[in-house]
Amino acid sequence: MKNIFDVVILGGGIIGSSIAYHLSKMGRKVVIIEKEQLACQASSAAAGMLATQAEMEQDGPLLQLALKSQAMFHLLSSELLEYTGMDIEFVNKGMLKVAETEEIASDLKKQVTYQRNWDPAITWLDFKELHEMEVSLSPSIAGAMFLPNDGHVHSEKLSKAFTQAAVYFGAEIREHTEAISFIYENDQVNGVKTTKGVIHSNQIVIAAGAWSAQLMQESGFKINMYPIKGECFSVKPNKTLINTTIFSDKRCYLVPKQNGEIYIGATMIEHTFDQTVTPLGIASLIQRATQLIPELNEASWERVWSGIRPQTADGMPYIGEHPNWKGLYVAAGHFRNGILLSPITGKLVAELLTGTLLDQTLLSAFHLERHQETIV
Ligand SMILES: Cc1cc2nc3c(=O)[nH]c(=O)nc-3n(C[C@H](O)[C@H](O)[C@H](O)COP(=O)(O)OP(=O)(O)OC[C@H]3O[C@@H](n4cnc5c(N)ncnc54)[C@H](O)[C@@H]3O)c2cc1C
C-alpha cells in the first residue's frame, strides 16, 4: 500500500470529509484516516440544522463564518449530487424560534430588530400569523421569530457525500485505522503513526471532533476542548405536523425531515464521552416537544441516538496551524454547528494548505493559541 500523500486527514466526520473534498478537488493527493467508520460519531447524530440565525445571536467572527457557510449550501447540494448521485436533502423552509411566554416574546422581538442588521428577511409572527403557518403548534405559543434562511440537511448524507466526492477526485479512505502519534523532522511534521503503520506527509490535519484534544496533547500542545453529549429521538406522524423547524428557547428543537420523520433534540450533558441514551434525557425531550406540538403524542416512535459535540472554552472552533510544528493543522471544536460550518471550514482549510487563502482575516479568530493563558 502506498503510504505517501500530500495531505493526511485524521477523522472521517463531516469536517475531515469536507476538507478532503475541497483539497481533492484542488488536485491534492489526500487520505482520510478514520478510527472506526466514516461519519460514525457526531456527524451522523446531528439534526442537520443550518441554524445561523437561531444559534448565533451576536455579530462576530463565528457569525461571519456561518453566514459564508450557509450561503454555500445551494451550490454544494447540486455539486455533490453531480459528483456522487447523493441527495443531501437540503431543505430551505426556514425556522421558527417560538415564544412560550410574553416575556420571551418581548426578548425575541428585540432580537428580530437586532438580527435584521445582517438578515433583513427575519420577521416577527404574531399569534394569528404563526398559527396559520403551523397549525399543529400548541395554542400556548404566543408568537415566533421567523428565520426564513435557516434550513437543514441530512447530516450523515452530507458527510458521506463529501467523502464520496473526495474519492471521485482521487482521495483514499482508510477506516478502522487509528492515528496514534506524529513523526517530526526539525520543526516540520512529516508523518503519522497509526494502528496500521506509518503514513508520510508534510501536511496533516487533525479533524477528529471531540477526540482532537487527545491528538493535540500527543503533539505537546493543549487545546481547551471538552465533550458535550447530546441525546435525540425521532417519531413519524401519520400526517404532516410541521413544515418548518421549530426551535424553542429552552434548547428543544423539532426538525421535519424529508422522509416524514421529525428529529427531536437534544440534551446537553457536559464532560462525558459516554454515549448512553438515558430515559431521563429522552423523557425531558418528550415533555418539551409535546408541550410545543401536543399531537406528537400520537406519532409512531422511530429511534433514539446520541452523539458527542466538540466544545471549546469560547464556543468557537480551532482552525489553523500548530504553533510548534509546521504542517500540522487542526480543524475541530465546531460544537453545535459543525454541519452548518462544514462547507466553509473545508474550503478555508484547503486554501490554507495550498497557499491560496486570500482573506486571512476570516480565520484569524480561530487560531490555536488563543487559550494559552487559561491552560494550566
Ligand atoms: C445530538 C447532536 C445534534 C447536533 N445537531 C447539529 C445541527 O443540527 N447542526 C449542526 O450544524 N451541528 C449539529 N451538531 C454538531 C455537529 O454534529 C458537530 O459539530 C460535527 O459533526 C463535528 O464534526 P467533526 O467531523 O468535527 O466530528 P465527528 O463527527 O465526531 O468526527 C470525528 C471523527 O474522528 C474520528 N477519530 C477520533 N479520533 C481518531 C483518531 N485518533 N484517529 C482517526 N480517527 C479518529 C472519530 O471516529 C470520528 O469519526 C450536533 C451534534 C450532536 C451530538
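Hydrogens, waters and symmetry mates are skipped; everything else that's a heavy atom, side chains included, is used. Just so you know, ligand 1 is whichever comes first in the structure, and atom 1 is the first atom listed for that ligand.
For ligand 1, the polar-atom distance check finds no N/O of Pro310 at less than 3.5 Å from any of the ligand's N/O atoms. The shortest N or O to N or O distance between Phe335 and ligand 1 is under 3.5 Å. Taking any N or O of Cys40, backbone or side chain, none lies under 3.5 Å from an N or O belonging to ligand 1. Remark: ligand 1 and Ile14 share an N or O pair separated by less than 3.5 Å (distance only, no angle test). Residue-to-ligand polar distances place Met49 within reach of ligand 1: an N/O pair is separated by less than 3.5 Å. Not one N or O of Ala266 is nearer than 3.5 Å to an N or O of ligand 1, by distance alone. When only interatomic distances are considered, the shortest N/O to N/O separation between Ala42 and ligand 1 falls below 3.5 Å. Considering both main-chain and side-chain atoms, Glu231 never comes within under 3.5 Å of ligand 1 through any nitrogen or oxygen pair.
For atom 36 (N) of ligand 1, the closest non-hydrogen atom of the protein is Ala208 CB, 3.9 Å. The shortest contact between atom 51 (C) of ligand 1 and any protein heavy atom is with Arg309 CG, 3.6 Å. At the top of the distance list for atom 40 (C) of ligand 1, counting protein heavy atoms only, stands Ala179 N, 3.8 Å. Scanning the protein for heavy atoms near atom 47 (O) of ligand 1, the closest one is Glu34 OE2, 2.6 Å. For atom 20 (C) of ligand 1, the nearest protein heavy atom (residue, atom name, distance) is Gly338 CA, 3.8 Å. Protein heavy atom closest to atom 45 (C) of ligand 1, with residue, atom name and distance, is Lys35 CB, 3.6 Å. With respect to atom 29 (O) of ligand 1, the closest heavy atom belonging to the protein is Ser43 OG, 2.5 Å. Of the protein's non-hydrogen atoms, the one nearest atom 5 (N) of ligand 1 is Ala47 N, 3.2 Å.
Looking at Lys97 and Glu57, their side chains come closer than 4.5 Å, going by heavy atoms from C-beta outward. Side-chain contact between Tyr21 and Tyr168 is absent, with no heavy atoms from C-beta onward closer than 4.5 Å. At a threshold of 4.5 Å between non-hydrogen side-chain atoms, the residues Arg174 and Ile199 count as touching. Two residues are said to be in side-chain contact when any heavy atoms from C-beta on lie closer than 4.5 Å; Gln188 and Asn202 meet this criterion. Glu321 has its side chain out of reach of Leu353: every pair of non-hydrogen atoms, C-beta onward, lies at least 4.5 Å apart. Contact of the Glu172 side chain with the Ile32 side chain is not registered, since no non-hydrogen atoms from C-beta on lie closer than 4.5 Å. Gln164 places none of its side-chain heavy atoms less than 4.5 Å from the side chain of Leu38. Two residues are said to be in side-chain contact when any heavy atoms from C-beta on lie closer than 4.5 Å; Ile319 and Val330 fail this criterion.
Atoms of ligand 1 found under 4.0 Å from any heavy atom of Asn337, numbered from 1 in the order shown, are 10 (C), 11 (O), 12 (N). Every atom of ligand 1 with a heavy atom of His334 under 4.0 Å away is listed here by number and element: 19 (O). Residue Gly13 approaches ligand 1 through these ligand atoms, each under 4.0 Å from one of its heavy atoms: 25 (O), 29 (O), 31 (O), 33 (C). Atoms of ligand 1 lying under 4.0 Å from at least one heavy atom of Ile15, given by number and element, are 23 (O), 24 (P), 25 (O), 26 (O). Interface atoms of ligand 1 facing Tyr253, defined by a heavy-atom separation under 4.0 Å, are 3 (C), 5 (N). Of all atoms in ligand 1, listed by their number and element, those nearer than 4.0 Å to a heavy atom of Gly48 are 7 (C), 8 (O).
More than 12 heavy atoms of other shown residues, nucleotides or ligands fall within 6.0 angstrom of atom NZ in Lys229.
Within the structure, the closest approach of Cys232 to ligand 1 falls below 4.0 Å when heavy atoms are considered. Taking a 4.0 Å cut-off on heavy atoms, Thr177 registers as neighbouring ligand 1. Heavy-atom distances between Trp305 and ligand 1 stay at or above 4.0 Å for every pair.
Contact check on Glu79 versus Lys25 returns a salt bridge, with a Lys/Arg side-chain nitrogen under 4.0 Å from an Asp/Glu carboxylate oxygen.
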Leu108 and Trp124: side-chain contact (heavy atoms from CB on, under 4.5 Å), yes or no, with the steps?
CA-CA 8 Å; Leu108 286 181; Trp124 174 255; 3.7 Å; yes
Checking Lys257 against Glu89 for the salt bridge (charged side-chain N to carboxylate O under 4.0 Å, His left out) test, could you report, in this order, the C-alpha distance in whole Å, the side-chain angles of both residues, the deciding distance, and whether it holds?
CA-CA 8 Å; Lys257 307 307 278 190; Glu89 300 183 14; over 6 Å; no
Candidate pair Glu175 and Lys196, rule salt bridge (charged side-chain N to carboxylate O under 4.0 Å, His left out), full reasoning:
CA-CA 10 Å; Glu175 291 177 305; Lys196 296 196 178 154; over 6 Å; no
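Ring to ring, Phe5 and His200 are not that close: their centroids are 6.0 angstrom or more apart.
No part of Tyr263 comes within 4.0 Å of ligand 1, judged by heavy-atom distances. Within the 4.0 Å heavy-atom criterion, the part of Arg336 lying near ligand 1 is the backbone and not the side chain.
Between Ala47 and Tyr263 the shortest heavy-atom distance is CA-CD2, 3.9 Å.
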